[in-house]
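What follows is one structure encoded as structure tokens, with my remarks underneath.
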Amino acid sequence: MPSPAPYYITTPIYYVNDRPHIGHCYTTTVADAAARAMRLIRGESRSTFLLTGTDEHADKVVTSAAAHNSTPQAWADKHADAFRAAFTSLNCGFDDFIRTTEPRHKDKVPGYISALLKTGDIYKGVYTGWYDAGQEEYLTETAAREANFKSPINGKPLVQRTEDCYFFKLGAYQERLLAHINANPHFIQPDARRQEVLGRLRQTLNDIPVSRPVTDDPATQWGVRMPGDPANRVYVWIDALFNYYTTVDTPERKHFWPAAVHLIGKDILWFHAVIWPALLMALNFPLPKMIFGHGWWVSEGQKMSKSLGNFIDLERMHAYADAFSLDGLRWYLLTQGPLSGQDADFSHAKFIEVYNADLANGIGNCASRVSNMIVKYFDGVVPTPGNAAALPDYDFKAICAKASVEYVAALDRFDIACAFNQASEIIRKVDGYINVTAPFKLAKTVEANPTAKQELAAILYTCAEAVRVASVLMAPAMPQKMAALWSTWNCTPGADTKLADLAAFGGPCALKPGSTVAKGDALFMRADPAAPIPGTIPAPSAPTV
RNA sequence: GCCGAGGUAGCUCAGCUGGUUUAGAGCGCUGGAUUCAUAACCCGGAGGUCGGCGGUUCGAGUCCGCCCCUCGGCACCA
């Protein structure tokens with residue numbers, strides 16, 4: 001049997017000086033859910049590879065470390081661990097965590113640069129720009145003009161300065177890139193992002209500097225040296241981009257390239273949609289299939305900023321997870337997140353609405369009423385399917401099949417929310433079916449009517465089996481809660497079972513008549529909209545005496 | 001300033017190349033039904049000038065022009 005097509009998905013490598021917040025966590029959670037879904041579809045966990053990690057060669061790592069009496073490496077170690085711990089705490093199961101300071105990365109980068117030097121795609125030239133001597137940094141032409149050619153920090157005049165620098169022939173790849181984007185509509189997604197890039201590609205691309213000088217300043221000695229020229233180092237962004245390739249540039253992992261998806265935030269679109277593909281073209285490496293640039297979360301309708309104090313940090317996310325379960329939080333992020341062109345709002349009221357509608361009143365309540373009836377009317381033993389009355393609107397074999405097809409199609413175009421909503425559709429149908437068939441009424445007639453018991457069995461089996469299928473589709477979003485449901489229903493799937501088998505109503509993984517079902521605890525407790533917002537200090541209560 | 005996206009029910013949005021509906025969905029709200037379930041679920045309703053004005057057409061959220069408003073991108077920035 002041919003092994004399933006490999007699926008390689010990446011998150012950005014995060015700037016190691018940051019503290020993990022909703023932005024980093026969101027990107028990684030989406031990648032995790034997508035990877036879980038792809039493993040499910042392929043039925044082979046090794047077929048999918050999720051990479052995340054940290055970007056550690058920025059100059060600021062050196063200065064921050066010094067300011068905290070630490071070494072750059074120790075400083076990076078500490079922060080990289082914070083990211084790793086954050087993602088683990090959100091149940092994001094990455095297959096590898098790459099750090100750009102690791103030998104397996106930094107030792108490979110010079111090889112790619114050398115190849116580009118050999119072909120002439122990277123060449124030595126001179127860089128001229130406005131230099132702020134006090135800050136020891138260049139300002140862009142625009143920034144310099146806006147500052148009236150004076151240092152924005154100390155007001156001293158900027159100076160035109162020239163120094164040796166290596167350039168990448170970005171301009172040489174403009175037409176090929178344009179042709180590729182036009183020929184592959186899904187290369188840059190969502191469409192708004194694609195339009196942005198196409199718009200900017202209408203102007204002529206300049207070659208770009210890909211090195212920085214090494215001086216006496218320790219901050220400039222951090223990073224990867226240009227091959228054969230220790231007076232220059234590889235610009236941190238170029239170094240960083242190569243992580244996606246270095247990590248799988250090994251004999252065992254080579255088959256994962258090209259990546260299926262580079263999932264990124266919209267801020268780094270240009271690097272991923274233009275510079276990175278051009279570098280790959282120059283190296284004659286295959287291009288990733290999709291660059292997906294998601295938007296931002298805003299908080300209660302306001303842009304998040306440190307000055308407003310409305311940043312949703314890891315602590316706040318943990319508070320939500322504690323209050324509504326980690327999977328409740330994941331569900332909100334995954335189904336309401338800024339994946340389409342627009343930014344999304346993390347509002348408490350909306351969180352409660354979605355949580356109650358989809359989870360507490362949705363799958364939670366539905367699973368509860370179904371299992372309760374099986375316990376009540378069949379002593380918790382899964383009844384025999386039999387033939388339920390054929391209702392045209394409630395052909396669950398067809399409903400589940402359609403949901404699965406849509407699920408896979410949505411995931412292929414990276415419409416995560418649409419995929420998971422397929423499961424909610426099934427639940428909606430089950431709730432409707434229960435109302436139409438009213439098994440609870442039927443149960444009262446079984447004494448007098450011998451066929452009623454069979455009919456009741458058929459109805460409840462249908463409901464339970466449909467809920468099971470929905471739970472399979474939801475599992476990549478909510479692995480823990482769905483596992484809990486499977487545990488009480490005795491239908492935990494074997495490892496590496498294909499979606500096609502798992503999600504087939506009455507298929508090879510169907511609920512087995514005769515196995516037992518417990519009522520179990522409520523999967524998702526209903527949330528009170530009036531309760532205090534998690535992670536905030538409650539307002540002082542009025543004196544009680 | 002330049003380039004681009006968009007303004008449709010309280011909210012979030014579907015409505016592809018104009019005439020299948022009297023403009024739809026989900027959530028919220030409200031009336032009813034029901035009791036297996038987490039006061040959950042099911043059914044019905046609310047009648048939104050489809051941003052404004054003008055035009056093309058037998059016929060326009062759906063095409064054209066003008067105006068108002070919102071938002072995104074503008075290159076080395078992680």
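To find a chain, count down the sequence lines: A is the first, B the second, and so on, and within it residues start at 1. This one's a predicted model, so the numbers in the text were calculated from it and none came from an experiment.
Across every strand in view, B/C76 sits unpaired, with no contact that passes the Watson-Crick or G-U test at under 3.5 angstrom. Across all strands shown, B/G4 forms a Watson-Crick or G-U wobble pair with B/C71, both key distances being under 3.5 Å. Summarising the base pairing, B/U17 is matched to no nucleotide, lacking a Watson-Crick or G-U wobble pair whose two defining distances lie under 3.5 Å. B/U22 is unpaired under the criterion used here, namely a Watson-Crick or G-U wobble arrangement in which both key atom distances are under 3.5 Å. Nucleotide B/C42 has B/G32 as its partner under the Watson-Crick or G-U criteria, with both atom distances under 3.5 Å. With a cut-off of 3.5 Å on both Watson-Crick or G-U wobble distances, the partner of B/C50 is given as none. Across all strands shown, B/A37 has no partner, as no Watson-Crick or G-U wobble contact with both distances under 3.5 Å is found.
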Could you go through nucleotides 7-14 of chain B and list every protein N or O atom that sits under 3.5 Å from one of its N or O atoms, giving the distance for each pair?
from	atom 1	to	atom 2	distance (Å)
B/C13	OP1	A/Gln342	OE1	3.4

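Ring geometry, A/His21 versus A/His24: the interplanar angle falls from 30° to 60°, so the pair is classed tilted. Aromatic ring orientation, A/His79 versus A/Trp75: tilted (interplanar angle from 30° to 60°). Ring geometry for A/Phe414 against A/Phe292 counts as tilted: the plane angle lies between 30° and 60°, on a 0 to 90° scale. Classified by interplanar angle (parallel below 30°, tilted 30° to 60°, perpendicular above 60°), the ring pair A/Phe351/A/Tyr332 is tilted. A/Tyr433 and A/Tyr394 have tilted rings, their planes meeting at an angle from 30° to 60° on a 0 to 90° scale.
On the P atoms, B/U20 is 15 Å away from B/G59, given to the nearest whole Å. For the C1' atom pair drawn from B/G55 and B/C74, the interatomic distance equals 35 Å after rounding to whole Å. Remark: the separation of the P atoms in B/C77 and B/C71 is 27 Å, to the nearest Å. Between B/C69 and B/A33, the two C1' atoms lie 45 Å apart (nearest whole Å). The same atom, P, is picked in B/G15 and in B/G24; the two are 16 Å apart, to the nearest Å. Atom name P, nucleotides B/G48 and B/G10: the rounded distance is 9 Å, in whole Å. Here the separation of B/C53 from B/A14, taken at their P atoms, is 24 Å to the nearest Å. Between B/G45 and B/A23, the two P atoms lie 14 Å apart (nearest whole Å).
Rounded to whole Å, atom P of B/A75 lies 17 Å from atom CZ of A/Phe167. Computed from coordinates, the A/Asp345 CG to B/G28 P distance equals 17 Å when rounded to whole Å. A straight line from CG of A/Leu198 to P of B/C3 spans 16 Å, rounded to a whole angstrom. Look at CG on A/Asp267: it is 14 Å from P on B/A75, rounded to the nearest Å. Straight-line distance from the CG atom of A/Leu269 to the C1' atom of B/G73: 9 Å, rounded to whole Å. Rounded to whole Å, atom P of B/G73 lies 17 Å from atom NE2 of A/His272. Residue A/Lys444 contributes atom NZ, which lies 9 Å from atom C1' of B/C36 at whole-angstrom precision. B/U35 atom P lies 11 Å from atom OH of A/Tyr377, rounded to whole Å.
With salt bridges taken as basic N to acidic carboxylate O contacts below 4.0 Å, one links A/Asp59 and A/Arg233. A salt bridge is absent between A/Arg194 and A/Glu196; no separation between the charged side-chain nitrogens and carboxylate oxygens falls under 4.0 Å. Salt-bridge annotation for A/Asp77 and A/Arg99: present, with a side-chain N of the basic residue lying under 4.0 Å from a carboxylate O of the acidic one.
The A/Lys441 side chain lies nearest to B/U35 when the options are B/U35, B/C76, B/G73.
With sequence neighbours excluded, the residues that form a side chain to side chain donor-acceptor pair (under 3.5 Å) with A/Glu102 are A/Arg104.
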Residues A/His57, A/Val224; criterion side-chain contact (heavy atoms from CB on, under 4.5 Å); working and verdict: CA-CA 8 Å; A/His57 280 143; A/Val224 177; 3.9 Å; yes
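A donor-acceptor contact under 3.5 angstrom links the side chains of A/Ser64 and A/Asn17, judged on distance only.
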B/S/- contact track for nucleotides 38-46 of chain B, protein heavy atom under 4.0 Å: B-SBS----
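As judged by a 4.0 angstrom heavy-atom cut-off over every strand, A/Thr204 is placed among the base-contacting residues. The residue A/Tyr14 sits apart from the nucleic acid: no heavy atom pair falls under 4.0 Å. Nucleic acid contact for A/Leu205: base, since at least one base atom lies under 4.0 Å from a heavy atom of the residue.
B/G4 has its base anti relative to the sugar, with a glycosidic angle deviating from 0 by more than 90°.
Comparing A/Arg202 and A/Phe271 by the nucleotide of RNA chain B whose heavy atom lies nearest to each, the residue mapping closer to the 5' end is A/Arg202. Toward the 5' end of RNA chain B, the nearer of the two residues A/Ala192 and A/Gln203, judged by each one's closest nucleotide, is A/Ala192.
Shortest non-hydrogen contact noted between A/Ile434 and A/Arg369 is CG2-NH2, 3.6 Å.
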